[in-house]
Amino acid sequence: MASTADNGLKIVIVGGFGVGKTTMVRSVSEIRPLNTEETMTQAGVGVDETTGVEAKSTTTVAFDFGRISLNEQMVLYLFGAPGQERFWFLWDRLFSGTLGAVVLVDPRRIADSWYAIDRLEHHGTPFIVARNNFGDPVHSLDQIRDALTLPEDVPLIDCDVRERESSKNVLIALVDHLYALSHAREKNQ
Amino acid sequence: MTRRSVDSENPDRLYTVTGGRSRTDDTRLDLVALIVAESEPTAGMQSEHVRILRLCQSPVAVVELSAYLELPVSVVRILLSDLLDAGKITARHPRTGARRGTSQAALTGLAEFPELPESELLKQVLVGLKNL
Ligand SMILES: Nc1nc2c(ncn2[C@@H]2O[C@H](COP(=O)(O)OP(=O)(O)OP(=O)(O)O)[C@@H](O)[C@H]2O)c(=O)[nH]1
Ligand SMILES: [Mg+2]
């Protein structure tokens, strides 16, 4: 990273178990993927019967990430976020301040991405959906769009995240989409 | 991934590292805030503080420090708060130019994406990605 780097940016890659999140981070990152963990205290899990005090639980969740230096000032961090529901609190933490998200879909397990999409819509995080290549596709992209009840204006593309060019194109498609949204907003103001 | 989980970490060690504190002002340091050392380690300084100052000769993100130090992000934030308070490091905070929840956006019905950055920044990101 340049010594002049002064602006850290975030993009989150979400999706079900084994869909290729870490593979995508690895294929575009300038460092080998690093991993760490965040611990968070969740309040409101219930009220302790014996003390009457609101119970809290601390959960630890691991995630991995990579880095791309965009220029002398801007550094982009890519986070692979686990898709399971019990990690929702981490998601909210990671999503805050992110530019946008990529939802990776394994075409054999489409339902695994429902929750991720729900969460992103709820959080107001713009995203695109990328179908990862796990063999010749059985469904058309339109059928996938229907299965995900994805609005027309959310881009849906094919990818093979084992390939750097393909992963790069997914990121470009996301930022293109973000640019279009932002540009439209500015014109309307 | 060879990293061991801090779940298996001796809790006493984490307690010692943070001086028993478990909370900090989380909002002050984003995961991707870039940390830069502003002074050399001094004698008697806590070893984690020394390591941070050495690692941050040039900018390093909070989340990267957490990975290198093999400590949870929340623990690293506490260590960094100490160093910030002592003026030993500075933090370069992320800037996206996002206009969080402006009433203007609400009026135009575009409050859908409250954190969407300004297009100028996104253009720079695009150029950077295409040049990879
Ligand atoms: N056929 C095929 N396999 C892939 C592709 N991307 C990843 N894989 C393989 O799928 C497996 C899981 O990939 P990961 O990148 O570890 O998936 P992940 O989403 O990080 O998984 P978890 O973190 O465990 O949820 C690995 O064996 C990858 O090599 C792809 O595009 N096509
Ligand atoms: Mg993974």
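Since the model is a prediction, treat every value here as computed from it, not as a measurement. So that the names make sense, note that chain A is the first sequence line, chain B the second, and so on, each numbered from 1.
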I need the residue from A/Ser69, A/Gly8, A/Gly100 with the largest number of non-hydrogen atom pairs under 4.5 Å to chain B.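 Of A/Ser69, A/Gly8, A/Gly100, A/Gly8 has the most heavy-atom pairs under 4.5 Å with chain B.
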
Less than 4.5 Å apart, side chain to side chain, heavy atoms only: is that true for [X] and [Y]?
X	Y	value
A/Leu99	B/Pro117	yes
A/Leu9	B/Pro94	no
B/Phe113	A/Leu181	yes
B/Ser58	A/Met1	no
A/Glu38	B/Arg77	yes
A/Asn7	B/His93	no
B/Val76	A/Thr36	no

[X], part contacting chain B, at a heavy-atom distance under 4.5 Å:
X	value
A/Ile68	side chain
A/Asp176	both
A/Tyr77	side chain
A/Ala62	neither
A/Ala180	neither
A/Leu171	both
A/Ile31	side chain
A/Phe63	side chain

Are side-chain N/O atoms of A/Ser182 and B/Ser119 paired as donor and acceptor at under 3.5 Å? no

Select one option (side chain, backbone, both, neither) describing which atoms of [X] are under 4.5 Å from chain A's heavy atoms.
X	result
B/Val63	both
B/Leu34	side chain
B/Gln57	neither

With chain A, which of B/Ala91, B/Pro59, B/Ala33, B/Ala61 has the greatest number of heavy-atom pairs at distances under 4.5 Å?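 Counting heavy-atom pairs under 4.5 Å, the top option is B/Pro59.
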
Residue selection (most heavy-atom pairs with chain A, distance under 4.5 Å) from B/Leu126, B/Val36, B/Leu121: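 So the answer, after comparing B/Leu126, B/Val36, B/Leu121, is B/Leu126.
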
Verify side-chain contact (heavy atoms from CB on, under 4.5 Å) between A/Leu70 and B/Gln124, making sure each step is shown before the conclusion. CA-CA 8 Å; A/Leu70 294 170; B/Gln124 289 171 29; over 6 Å; no

Using the rule given for side-chain contact (heavy atoms from CB on, under 4.5 Å), can you reason through B/Val32 versus A/Val75, listing the C-alpha separation, both sets of side-chain angles and the distance that settles it, and then say yes or no? CA-CA 9 Å; B/Val32 297; A/Val75 192; over 6 Å; no

[X] side-chain N/O to [Y] backbone N/O, donor-acceptor pair under 3.5 Å:
X	Y	value
A/Arg67	B/Glu64	no
A/Asp6	B/Arg92	no
A/Glu186	B/Glu118	no
B/Glu115	A/Gly97	yes
A/Lys168	B/Leu132	yes

If I take atom [atom1] from residue [X] and atom [atom2] from residue [Y], how far apart are they, to the nearest 0.5 angstrom?
X	Y	atom1	atom2	answer
B/Glu120	A/His183	CD	NE2	11.5 Å
B/Glu70	A/Leu34	CD	CG	10.5 Å
A/Met74	B/Thr96	CE	OG1	10.0 Å

Does B/Tyr68, at its OH atom, have more than 12 non-hydrogen atoms belonging to other residues, nucleotides or ligands within less than 6.0 Å? yes

Examine A/Val102 and A/Phe134 and state if one hydrophobic cluster contains both, with Ile, Leu, Val, Met, Phe, Trp and Tyr joined whenever side-chain heavy atoms are less than 4.5 Å apart.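 They do not share one cluster, since no chain of ILVMFWY contacts under 4.5 Å joins A/Val102 to A/Phe134.
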
Joint hydrophobic cluster, A/Ile172 plus A/Ile157, side-chain heavy atoms closer than 4.5 Å: yes

Run B/Leu31 and A/Phe79 through side-chain contact (heavy atoms from CB on, under 4.5 Å) and show every step you take. CA-CA 10 Å; B/Leu31 282 179; A/Phe79 290 92; 4.0 Å; yes

Using the rule given for side-chain contact (heavy atoms from CB on, under 4.5 Å), can you reason through B/Val73 versus A/Glu37, listing the C-alpha separation, both sets of side-chain angles and the distance that settles it, and then say yes or no? CA-CA 6 Å; B/Val73 175; A/Glu37 49 197 45; over 6 Å; no

